[in-house]
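Working notes, beginning with the structure itself.
Heavy atoms only: backbone and side chains are in, while hydrogens, waters and symmetry mates are out. In what follows, residues are counted from 1 in the order of the sequence shown.
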Amino acid sequence: MAKNNFDEGAGPSQRQLRVGELIRRGMSDILMRGDIHDPDLNRMSITVGEVRVSPDLRIATAYVLPLGGKGQDEVIKLLARNKGEMRRIIGKKLGLKFAPELRFLLDRTFDQMDATREMLAQDSVRRDVEQGDDPNL
């Protein structure tokens with residue numbers, strides 16, 4: 001019996017994770033090779049950090065970031081403008097029965113890592129971390 005992903009607390013299925021990673025690799029390869037016929041998009045270096053796929057595998061959301069972080073809004077617009085061609089290439093390249101609809105969002109994990117690093121560098125936080133759970137301190 002197939003496992004349904006209706007439980008809100010449930011994470012993505014193995015199938016969603018596998019298809020998402022295949023799409024991420026395929027998308028990275030397409031962008032690196034310049035397979036899309038758009039000179040504005042091909043001149044940019046874009047990192048595809050993650051691709052999350054809906055439970056029915058019909059929607060794939062790619063979290064992207066331009067190298068160096070500059071031109072973020074432009075990258076999203078360029079990718080959205082070329083999503084039809086990218087969807088076709090991904091479907092053909094990966095041999096998927098149905099190529100998912102592609103959506104693009106900015107990858108904010110690097111911003112979160114910087115904020116965490118800054119927080120951990122604060123004296124009060126560092127002192128708490130170094131003391132740990134020792135009740136005698």
Option among Met27, Arg25, Arg33 that satisfies the side chain to side chain contact (heavy atoms under 4.5 Å, CB included) test with Asp29: Arg33
Residue of the set Leu31, Leu65, Val75, Leu67 for which side chain to side chain contact (heavy atoms under 4.5 Å, CB included) holds with Ser45: Leu67
Roughly how far apart are [X] [atom1] and [Y] [atom2], rounded to 0.5 Å?
X: Ile90; Y: Lys92; atom1: CD1; atom2: NZ; answer: 13.5 Å
X: Leu41; Y: Met86; atom1: CG; atom2: CE; answer: 6.0 Å
X: Leu57; Y: Arg18; atom1: CG; atom2: CZ; answer: 9.0 Å
X: Leu17; Y: Glu50; atom1: CG; atom2: CD; answer: 9.0 Å

Short side-chain to backbone donor-acceptor contact, [X] and [Y], under 3.5 Å:
X: Gln16; Y: Ser13; answer: yes
X: Asn42; Y: Ile36; answer: yes
X: Arg87; Y: Pro100; answer: yes

Minimum heavy-atom distance between [X] and [Y], given as atom pair plus value:
X: Ala60; Y: Val51; result: CB-CG1, 3.9 Å
X: Val48; Y: Ser28; result: CB-OG, 3.6 Å
X: Arg43; Y: Asp40; result: CG-O, 3.2 Å

State plainly whether one hydrophobic cluster holds both [X] and [Y], where clusters connect Ile, Leu, Val, Met, Phe, Trp and Tyr through side-chain heavy atoms under 4.5 angstrom apart.
X: Leu105; Y: Val19; result: no
X: Met32; Y: Ile30; result: no
X: Leu79; Y: Tyr63; result: no
X: Ile59; Y: Ile23; result: no

Pairwise side-chain contact, Val64 with Asp107, heavy-atom cut-off 4.5 Å (strictly under): no
side-chain contact (heavy atoms from CB on, under 4.5 Å) assessment of Leu78 paired with Ile46: CA-CA 11 Å; Leu78 289 170; Ile46 302 169; over 6 Å; no
Residues in side chain to side chain contact (heavy atoms under 4.5 Å, CB included) contact with Asp56, at least two apart in sequence or another chain: Ser54, Arg58
salt_bridge(Lys77, Glu74) N-O dist < 4.0 Å: no
